[in-house]
Amino acid sequence: MAKKFKEMSLGQRIFRIAAGFEIAVVCLSLLFLLTFFGTIEQRWFGLWTTIHKYFDYNSVFVLPTRGDGKVIFPPLPGAYWVIVVLSFNMFLGGIVRARKGWRKAGVLVSHFAILFMLVAGAVSSLYKEEGNMRVLQGEKSDYAQKLFKHDIEVFAFDEEGDREEPAIIRSKLIKALGEEGGLEASFEKFDFKLEIDRYLPYSELALDSPTTQRPNNEEVVDGFFLVEVDKDTKTEERNMPGCYVSIKNENDDLIQRLVLWAGNPYPVTFNYEGKRYGVTYLMEIWPMPFEVELHKTFGENHPGTEIPSWFQSNIVKVDGPDRADYEIVMNEPARHGGYTLYQAGFTRAAEGETPSSTFAVVNNPSDKWPEYALWASAAGLLFHFMAMLVRFIGGSSKKGRSQAPVPDKPSIYQKS
Amino acid sequence: MSQNPPPIPAPVNQGLKQLRWILVIVFLIGEFALISVALRGAVPPDETREVSAYSPWSEEVLEIAEAIPVQEGGRIKPLRTYARFKMMSFHGSLTMKVKSGGKIHKIGPVAWLLDCMFRPDLADQLPVFLLDDTEILKPFGIETEDRRARLSFQDLEEGGDPEENGFTQLINRGRELLEKQSSEGEGSLSDEEEEVTRFAQLALNFTGIRDSMDIIRGGLPPLDPAQLAYVDQELYQTLRATMDPKQFGFWLPILPETVQSTQRLESPQAREFEYELNRQLTFARFGPAWIPPQKGEEEEWQTIEAKVTKFLKKELTNSDEILKDFDKLEAISKASGSPNSDEFLAALKDWQTSLADRADDRAEGDSVASEVSYYRRDYFSKGLVYFILAFLVSAVGWIIREGRGGKIVAWMASIIYGIATAYVLGGLVHRYLITGRPPVSNLYDTIPFITAGAVVILAIAELLTRRKVLLSLGAALGVIGLFFAASFEVGDAKDNMDPLRAVLDSNYWLATHVVSITIGYCGGLVACFLSLAYVHLALAGVIKDQKSFHRFMTRTVYGITYFTLLFSLVGTILGGIWANDSWGRFWGWDPKENGALLIVLWCLIILHSRLAGWMTGWGLHIMSILGGSVVVFSWWGVNMLEVGLHSYGFIEGASTVYYFYFVTLVATGVGVAAWLIERSSKNARAKTD
Amino acid sequence: MRIVLIVTAAILLTGCRKPASSIHVTETRRLTLHDKVYPGDYKDAPPIGWRRLPGTQFRLINYVAGENNSVEIVVGETQGDLLANANRWLGQFGLSPVESLEFLGRTEMLGKNAYIVEGDGTYSPGMGSPPKEDYAMTGVIRESSFNLITLKMIGPAEEVKKQRDAFFEYMRSFEAIYDHKIDSSVEEAEMEAGEERK
């Protein structure tokens with residue numbers, strides 16, 4: 001007979017709770033509710049916003065709301081953390097505490113496999129890098145850019161007028177600022193300082209003129225000013241952040257005031273002590289250890305329709321002296337050296353224009369793990385199901401019904 | 001002290017047992033009545049229109065016509081399929097009933113299409129348009145008796161006033177509204193305005209189909225050949241010897257020269273001629289694309305209009321072929337005056353053979369004959385009928401259980417069930433053979449597939465356990481599923497065998513991921529209906545006096561929940577692997593992905609609660625019933641959100657989904673009430689012991 | 001129970017982090033082809049005193065120079081007739097139009113013939129801006145196969161005079177960039193095509 005709860009020591013009690021079914025059912029139920037609300041809210045707020053609200057590791061509590069802002073359910077804990085708790089519970093209860101033996105082997109394997117998949121997910125969220133690489137036909141590229149992460153880069157121009165290696169202020173630091181917040185950056189490479197203020201996550205750069213109205217009397221720098229706009233919930237890529245910066249010397253004298261906007265493709269410049277410097281606000285540059293040459297990109301529609309039936313890019317991946325040919329088609333990415341290239345989009349060119357192809361580049365150490373976990377968990381569940389089926393048939397058919405009573409509570413916990 | 005052995009229950013009165021089952025039947029009849037009343041609004045009126053001088057097409061004609069190959073939606077299909085979905089989109093049904101000369105005729109899709117193409121005057125009289133709310137036509141002077149009615153094109157024309165008939169008014173308004181929508185954006189039209197626009201488009205489509213054959217019918221006004229300056233008079237006379245200048249085909253070889261000539265003429269005849277020529281050519285665009293490409297030329301089959309345009313641009317290698325095609329079609333048209341005559345049959349056969357041969361040369365259209373037989377066999381409708389029969393017979397078997405009678409009834413039920421299942425499976429296999437991909441590629445496909453899965457699962461369960469109620473449940477699910485398949489198909493009015501978008505066109509993942517998820521849906525729904533059956537049986541008292549039955553139902557639902565978990569989990573993970581391969585991320589919290597996860601979580605909650613000892617019999621069944629709603633949400637509800645990567649399965653007709661949610665909620669309520677009553681009576685008994 | 005409260009508090013507190021207010025930046029990256037991206041695939045070399053501003057729809061490249069950043073140098077793209085555009089510029093200074101291109105100075109920009117348009121006086125840019133007195137402009141317009149490339153400097157007459165040499169040196173500084181093209185045989189073909197384009 002199992003020990004009664006009252007008779008357990010504190011340690012045993014903690015273990016009993018942490019590994020118990022109670023937490024499992026509570027966590028699963030919470031996850032169910034979170035997934036449900038995290039699905040219907042997408043209808044009003046779009047995929048990206050809702051995912052961040054419910055499933056990001058940053059969100060500790062969630063309040064399900066309707067499109068008009070009305071709250072439709074009491075607050076729930078954030079899904080990421082529920083999964084963390086569930087993982088612990090699964091490990092302790094489903095593997096450590098569970099009864100061993102060949103009868104329970106299927107369940108054990110399944111729990112282990114699912115845990116492995118969740119770990120893969122955690123690894124992915126921490127270590128996965130992804131970005132987009134756009135190449136024009138006949139050209140090559142050796143970098144990708146990470147969507148939704150905008151860095152500020154500061155660099156010097158050399159004597160030939162070429163850019164030197166930039167100093168990078170990461171988007172994480174900038175995003176943490178609000179409109180009132182300020183960040184002062186000093187550089188290893190440079191003598192000057194850069195101060196960021198008036199950071200706006202959704203903004204537009206506007207030209208000032210005698211007839212332009214400035215909604216909030218925004219500061220005008222070099223004839224430009226930054227104005228706040230509404231967030232585009234449907235197409236996250238259209239949201240451009242912006243900020244104002246001051247370049248100062250060590251004595252805090254102002255060298256130059258600049259306005260930065262992520263929608264500008266080229267840097268702005270300033271001069272300091274006889275040298276020219278550039279500042280740019282752009283989607284994070286992710287250098288690749290290889291070059292991708294786009295030799296040809298093409299696609300076809302289903303006859304008589306605008307629906308693409310397939311599209312393909314013929315590339316050559318150049319890794320130092322090695323050259324490798326790949327044909328990347330929808331659904332068939334190119335995997336090589338830890339990087340996977342997917343055909344994310346392509347533009348057919350109008351007359352006189354060059355077609356281009358956009359690749360999604362992903363570097364995910366846990367790329368194949370879910371696949372392994374799948375086979376393991378399927379095998380485990382199938383095995384367990386078969387065992388159950390056999391027992392069920394033996395016990396339920398009118399012909400073969402045994403006289404022994406069926407126990408109500410299975411003895412998975414009973415340590416006799 | 002020795003323990004007393006448990007008391008042996010007294011044998012229950014046989015008559016009482018039967019009474020309880022009759023009670024179940026009473027419940028079911030009541031529910032059926034309720035559903036019929038609720039759905040009555042959805043069933044269109046069944047009137048028979050009086051049409052003068054309608055003579056039906058003969059079977060032979062229909063057999064030839066239906067097998068004519070046509071290109072549409074990206075593939076070659078038989079005319080029967082083409083006609084079928086066209087008729088569905090207009091008429092909301094596949095049969096039209098008319099009365100003529102005291103006899104009632106049933107007109108099917110091919111007959112209707114033939115009427116449109118070859119007997120346009122009759123086609124105008126046929127009640128082709130189904131309208132839910134004819135109030136919207138009042139502003140155009142079109143009146144009907146009932147609010148929900150079927151109208152003919154003539155009805156539209158007869159409305160309105162002498163200057164501008166109802167049809168013209170409708171079209172003009174539709175055009176106005178479309179302009180309004182394009183300038184003011186989506187959502188700028190009210191519901192009624194959208195209906196008017198939709199119907200105007202439909203009416204226009206009808207005239208398109210009807211007039212698409214004008215180019216074959218002739219009716220060009222006369223023109224003095226001497227006035228045609230650029231036309232070779234000798235050539236004209238040669239043509240005149242064998243062909244009729246009222247026909248478009250006559251002018252085809254000399255069309256460019258003719259148009260050049262008429263452009264220089266000032267006479268009203270020339271203008272009339274040009275106008276009619278243009279009109280005929282324009283309308284020919286709306287006919288079927290049944291002219292095959294020529295060797296070494298285009299890839300796609302063309303409408304007559306497209307072919308003529310190519311001919312005029314001198315883009316065809318073989319100009320004779322189009323002239324021959326005109327000949328053949330004109331022969332059919334000429335003979336259509338006497339529709340079932342030998343001439344007509346021969347002309348039609350000639351045309352069909354010509355197309356089929358050319359299709360063969362291109363190695364296309366090899367599934368046309370198969371597709372014709374698929375629709376002729378009408379697998380799902382027949383399956384529906386047999387399932388209804390199987391259910392009724394098995395219901396009799398609830399009352400007559402023992403002895404010879406009982407055995408006969410049981411055997412009959414099983415055999416009929418087997419036939420019904422064979423029909424459903426046959427239909428699925430046939431679809432697979434025609435399309436070459438697993439029959440779960442779009443929403444429509446999933447319905448018969450899930451139905452088949454459910455009836456097979458329950459059949460196997462019945463074989464293993466010998467519980468007759470499972471057969472009845474299987475038959476009931478077969479009826480519900482196939483009925484739903486038929487109504488969805490009509491509402492959708494789309495050919496679901498057409499090829500897919502790029503990302504779905506990958507057979508390995510389709511076969512595994514979608515099939516697995518669909519089987520999971522199947523399991524969830526079977527469990528739900530099993531529990532719904534349990535509620536009925538418990539309320540009727542059947543469960544009370546058969547303890548083993550109660551245990552059986554509970555364990556079966558538990559087992560099927562496990563089954564659902566297995567397939568849903570594997571399917572969900574497979575979906576993730578497919579997404580990782582296509583888009584670079586394994587899980588994106590996309591609505592369809594979330595839907596599958598919800599089912600997995602629900603099953604896990606049930607199983608873990610049961611393992612913890614919290615889930616009593618009633619608890620399990622209540623959860624299982626609600627689980628049915630979770631499955632329906634995942635299957636249909638997420639598509640109604642119109643968000644995310646999986647939103648290529650939009651549906652209208654959300655009301656059916658909401659009805660289902662409602663039903664499960666009601667059943668849950670009943671279940672909770674029953675559980676509470678049971679618990680309190682147990683407590684009461686415990687007190688008195 | 002206490003444990004639960006403490007743990008919850010810890011989680012909540014760690015969530016409320018104030019953003020860093022001062023940092024020392026050491027992060028860098030190697031150079032990539034992104035650092036060789038130029039408008040129209042032409043690298044330009046402005047003089048040290050010029051400062052680049054954000055571009056706009058009409059200003060592909062946008063510099064300011066001189067005292068108080070009063071001089072603007074803009075590279076733009078436009079359509080239409082070369083002479084008409086030149087006369088429009090002259091019109092902005094209240095100067096009379098020229099009858100033909102022969103009256104304009106000739107030079108070469110981006111490998112093709114270009115015309116110099118110069119003037120001074122009161123500059124009326126229009127579009128609500130007040131006229132500016134004692135202004136000057138130095139501009140170059142060049143034709144390509146489907147549009148016109150313009151390089152224009154406008155500012156106070158004094159400043160424009162000071163920048164004139166630098167302006168023409170800048171004009172001559174454009175250099176085609178091929179780093180991102182695929183290979184040398186393709187490079188040469190592009191070079192010809194590039195000259196054609198520009």
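Any value given below was found using the heavy atoms of this structure, including those in side chains, with hydrogens, waters and symmetry copies removed. A note on names: the letters A, B, ... follow the listed sequences, proteins ahead of strands, and every chain is numbered from 1. This is a predicted model, so every value here is computed, not measured.
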Exercise. What part of A:Leu31 is in contact with chain B, defined as an atom under 4.5 angstrom from a non-hydrogen atom: side chain, backbone, both or neither?
Worked result: both
For this session: Would you mind telling me which of B:Ile605, B:Val570, B:Val630 has the largest number of heavy-atom pairs within less than 4.5 Å of chain A?
Result: B:Ile605
Exercise. Which region of B:Leu597, side chain (C-beta onward) or backbone (N, CA, C, O), has a non-hydrogen atom less than 4.5 Å from a non-hydrogen atom of chain A, or is it both or neither?
Worked result: side chain
Seminar exercise, completed: Answer key: most heavy-atom pairs under 4.5 Å with chain B among A:Gln343, A:Lys368, A:Glu22 is A:Glu22
For this session: Identify which part of A:Phe32 has an atom lying under 4.5 Å from any heavy atom of chain B, answering side chain, backbone, both or neither.
Result: both
For this session: Indicate yes or no: at least one non-hydrogen side-chain atom of A:Gln145 is less than 4.5 angstrom from one of A:Trp286.
Result: no
For this session: Below 4.5 Å from any heavy atom of chain A, which atoms of B:Phe567 appear? Answer side chain, backbone, both or neither.
Result: neither
Exercise. Considering residues at least two apart in sequence or located in another chain, which fulfil the salt bridge (Lys or Arg N to Asp or Glu O under 4.0 Å) criterion with A:Lys53?
Worked result: A:Glu41
For this session: Identify the two heavy atoms, one from A:Pro333 and one from A:Thr340, that lie closest to each other, and give their separation to 0.1 Å.
Result: CB-CG2, 3.7 Å
Problem set entry | Per-residue contact mode, A:Lys128 against chain B (heavy atom under 4.5 angstrom) | side chain
Problem set entry | Segment of A:Asp367 engaging chain B (4.5 angstrom heavy-atom cut-off) | both
Exercise. Side chain, backbone, both or neither: which part of A:Thr35 has an atom under 4.5 Å from a heavy atom of chain B?
Worked result: both
Problem set entry | Contacting region of A:Leu382 [heavy-atom separation from chain B under 4.5 Å] | both
Exercise. Quick one: what part of B:Trp614 sits under 4.5 Å from any heavy atom of chain A, side chain, backbone, both or neither?
Worked result: side chain
Exercise. Is there a salt bridge (charged side-chain N to carboxylate O under 4.0 Å, His left out) between A:Lys146 and A:Glu130 once you walk through the steps?
Worked result: CA-CA 6 Å; A:Lys146 298 189 183 175; A:Glu130 52 183 340; over 6 Å; no
For this session: Please report the closest heavy-atom contact between A:Gly38 and A:Thr50, naming both atoms and the distance.
Result: O-CG2, 3.3 Å
For this session: Measure the shortest side-chain to side-chain distance between B:Arg362 and B:Trp301 over non-hydrogen atoms and say whether it is less than 4.5 angstrom.
Result: yes
Exercise. Salt bridge (Lys or Arg N to Asp or Glu O under 4.0 Å) with B:Glu72: which residues, sequence neighbours excluded?
Worked result: B:Lys77, B:Lys86
Exercise. Should the ring pair B:Tyr534 and B:Trp618 be called parallel, tilted or perpendicular, given that the plane angle runs from 0 to 90° and is split at 30 and 60?
Worked result: perpendicular
